[in-house]
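Atoms considered below: every heavy atom in the structure, side chains included; atoms not considered: hydrogens, waters and symmetry mates.
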Amino acid sequence: MSRLGVAVIGTGKMGADHVRRIDEVTSGAGVTAVVDVDAERAKQIAARVDGCTAYTDPAAAMAAADVDAVLIASPGPAHEAALLTALELDLPVLCEKPLTPDAASALRVLEAERKLGRRRVQVGFMRRYDAEYMRLKSLLETGQLGRPLMLHNRHRNAASPAFFTSSMLISDSVAHETDVTRWLLGHEITAVTVLRPRPTASAPEALQDPQFVVFETDGGAVVDVEIFVNCGFGYQVQAEIVCERGTARVGDGHAMVTNMAGRWGGTIAQDFTDRFADAYDREIQAWVDATRRGEVTGPSVWDGYAAAAVCEAGVRALEEGGRMEVQLVERPTLYG
Ligand code: NAD
Ligand code: ISE
């Protein structure tokens with residue numbers, strides 16, 4: 001395939017950033033269509049790119065002759081419909097996380113891809129493309145540190161959007177740590193417990209922020225996640241793995257340290273588009289390259305389903321208290 005014509009569905013914060021990325025950074029692809037239920041927004045974004053048509057209906061864009069592949073960046077509840085249409089048309093897809101908001105809808109997508117008989121969908125768990133996380137994964141694979149025993153994660157956002165609910169701290173934010181845990185350790189998560197520290201006064205009323213989430217895995221590891229989405233000072237994502245013969249840690253953000261006027265320090269990213277800019281660039285380029293070779297290489301629908309099932313158990317643990325077990329269906333052979 002010469003140049004991949006991509007339809008970007010949803011042109012909000014992530015979608016608009018991906019349109020710019022594909023137009024200016026990615027090689028081998030161009031944005032030929034953008035879709036948004038907000039027609040004005042779609043028109044504005046389309047006007048920034050030569051040869052790009054604005055749509056309000058995802059199915060109409062996906063049926064267009066100049067569309068070879070789809071990038072879904074609409075809100076999670078809209079993903080299932082777009083994914084099922086793309087699979088019906090046998091189009092390659094990169095779907096922003098979460099694959100879908102719950103396990104039942106993720107299973108419907110999995111079933112549609114299984115029926116098609118080949119993998120077509122990559123899920124946007126972009127931390128797998130972050131240089132520091134990639135280095136951590138490579139180190140673990142050498143076996144030098146021995147078996148992983150514990151993983152500590154810190155996930156902090158400066159402020160949460162107005163629509164954020166307590167369950168979204170799990171389903172929208174901790175979704176990333178479910179994938180990081182499964183990918184780094186190669187284990188499935190079997191149980192989730194959520195502890196509720198006293199909420200920060202900076203959070204909107206009734207928002208349970210922060211939360212302290214504990215995963216148990218089928219490899220016997222214990223994993224904790226501090227999720228704090230109104231920390232005020234910036235965007236921080238850190239991980240420390242504790243193994244039998246040592247530990248390794250990423251995300252300290254010490255790329256540059258300054259010394260001035262009797263103080264030392266650096267800067268903290270303010271949001272994900274800054275902290276993970278390189279990871280998104282690498283993720284989209286890898287997706288385009290694999291798609292042009294007729295392959296799917298990134299996180300799969302199985303990974304998206306497993307994350308949805310863990311998050312669902314996590315939301316139950318938050319709402320009902322106690323330890324919730326994660327139930328997964330048998331892994332289809334399509335997913336190795
Ligand atoms: P956003 O609210 O800024 O944008 C969503 C856009 O989709 C809006 O313009 C809205 O009008 C449009 N939309 C709504 N329903 C639609 C539909 N059915 N069809 C087409 N367009 C529709 O949201 P966002 O922050 O850009 O998030 C979008 C997706 O990206 C979500 O799945 C979110 O979880 C994910 N996300 C991922 C990361 C990451 O780090 N990988 C970061 C932020 C958001
Ligand atoms: C957002 O949707 C993301 O995916 C970000 O990476 C995460 O840090 C944030 O908490 C989510 O809301």
Side-chain angles (χ1 to χ4, degrees), residues 1-12 14-37 39 41-74 78-97 99-100 109-110 112-126 128-129 279-304 334-335:
M1 187 180 292
S2 48
R3 179 177 174 269
L4 197 70
V6 179
V8 176
I9 299 178
T11 56
M14 281 312 290
D17 197 38
H18 286 322
V19 168
R20 175 202 57 76
R21 173 168 291 108
I22 295 171
D23 192 40
E24 295 174 6
V25 182
T26 313
S27 60
V31 182
T32 48
V34 293
V35 189
D36 205 295
V37 287
R41 172 106 191 133
K43 263 193 229 156
Q44 273 173 22
I45 302 288
R48 298 178 188 169
V49 182
D50 283 345
C52 179
T53 308
Y55 296 83
T56 51
D57 175 15
M62 286 191 254
D66 57 359
V67 169
D68 308 305
V70 186
L71 194 163
I72 301 174
S74 47
H79 291 182
E80 180 185 0
L83 282 161
L84 294 178
T85 305
L87 287 170
E88 257 170 43
L89 296 169
D90 198 9
L91 287 171
V93 182
L94 176 70
C95 180
E96 264 302 344
K97 51 59 59 178
L99 176 70
T100 65
V109 175
L110 187 142
E113 194 176 51
R114 214 181 51 78
K115 250 198 203 145
L116 188 65
R118 58 177 164 275
R119 282 188 53 198
R120 277 312 222 177
V121 179
Q122 170 169 338
V123 183
F125 286 126
M126 81 300 176
R128 296 189 188 201
Y129 297 88
Y280 297 126
D281 287 353
R282 227 175 268 118
E283 172 192 48
I284 301 295
Q285 189 63 64
W287 173 64
V288 166
D289 293 346
T291 301
R292 293 175 75 208
R293 294 193 307 270
E295 295 171 14
V296 181
T297 54
S300 68
V301 166
W302 174 261
D303 296 316
L334 181 61
Y335 304 105

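- Interatomic distance, CG of L4 versus CD1 of I22, reported as 8.5 Å (0.5 Å rounding).
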Donor-acceptor contacts, no H, no angles, side chain residues 81-92, under 3.5 Å, sequence neighbours left out:
| unit_1 | atom_1 | unit_2 | atom_2 | d |
| --- | --- | --- | --- | --- |
| T85 | OG1 | A81 | O | 3.0 |
| D90 | OD1 | R118 | NH2 | 3.4 |
| D90 | OD1 | R120 | NE | 2.9 |
| D90 | OD2 | R118 | NH2 | 2.3 |

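- Contacts of A16 classified as side-chain contact (heavy atoms from CB on, under 4.5 Å), with partners at least two apart in sequence or in another chain: R41, I45.
- Side-chain atoms of Q285 and Y280 form no donor-acceptor pair, as typed in the model, at a separation below 3.5 Å.
- Judged as a salt bridge (charged side-chain N to carboxylate O under 4.0 Å, His left out), and not counting sequence neighbours, the contacts of E80 are R108.
- What you find for V301 and L110 is that their closest heavy atoms are CG1-CA, 3.5 Å.
- Nearest approach of S300 to V123, heavy atoms of both residues: O-CG2, 3.5 Å.
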Enumerate donor-acceptor pairs with a distance under 3.5 Å from any side-chain N or O in residues 56-67 to protein atoms, sequence neighbours excluded.
| unit_1 | atom_1 | unit_2 | atom_2 | d |
| --- | --- | --- | --- | --- |
| D57 | OD1 | A59 | N | 3.1 |

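- The residue from R114, R119, E113 that alone fulfils the side chain to side chain donor-acceptor pair (under 3.5 Å) condition with Y335 is E113.
- Judged by distance alone, the side chain of H79 and the main-chain N or O of T100 form no donor-acceptor pair under 3.5 Å.
- Here the options are V288, V34, I284, the test is side-chain contact (heavy atoms from CB on, under 4.5 Å), and the partner is L71; only I284 passes.
- Residues that satisfy the ring pair (Phe, Tyr, Trp, His ring centres under 6.0 Å) test with W287, not counting sequence neighbours, are absent from this structure.
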Given the rule in the side-chain contact (heavy atoms from CB on, under 4.5 Å) test, do V70 and I9 qualify, once you have shown the distances and angles that lead to the verdict? CA-CA 7 Å; V70 186; I9 299 178; 3.5 Å; yes
If you apply the rule side-chain contact (heavy atoms from CB on, under 4.5 Å), what do you find for L94 with I72, and how did you get there? CA-CA 6 Å; L94 176 70; I72 301 174; over 6 Å; no
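- In this structure, a donor-acceptor pair under 3.5 Å is present between the side chains of E96 and H18.
- Residues meeting the side chain to side chain donor-acceptor pair (under 3.5 Å) test with Y129, sequence neighbours left out: Q122.
- Scanning both residues, G304 and F125, for their nearest heavy atoms gives CA-CE1, 4.2 Å.
- The closest donor-acceptor contact from the side chain of R292 to the backbone of S2 lies under 3.5 Å.
- Contact detail for V121 and C95: the closest heavy-atom pair is CG1-CB, 4.5 Å.
- Judged as a salt bridge (charged side-chain N to carboxylate O under 4.0 Å, His left out), and not counting sequence neighbours, the contacts of D17 are R20, R21.
- Under the rule for a side chain to side chain donor-acceptor pair (under 3.5 Å), the partners of T11 that lie at least two apart in sequence or sit in another chain are D36.
- Residues that satisfy the salt bridge (charged side-chain N to carboxylate O under 4.0 Å, His left out) test with R128, not counting sequence neighbours, are D179, D303.
- For the salt bridge (charged side-chain N to carboxylate O under 4.0 Å, His left out) condition, the pairs that include at least one residue of residues 42-53, sequence neighbours left out, are E40-K43.
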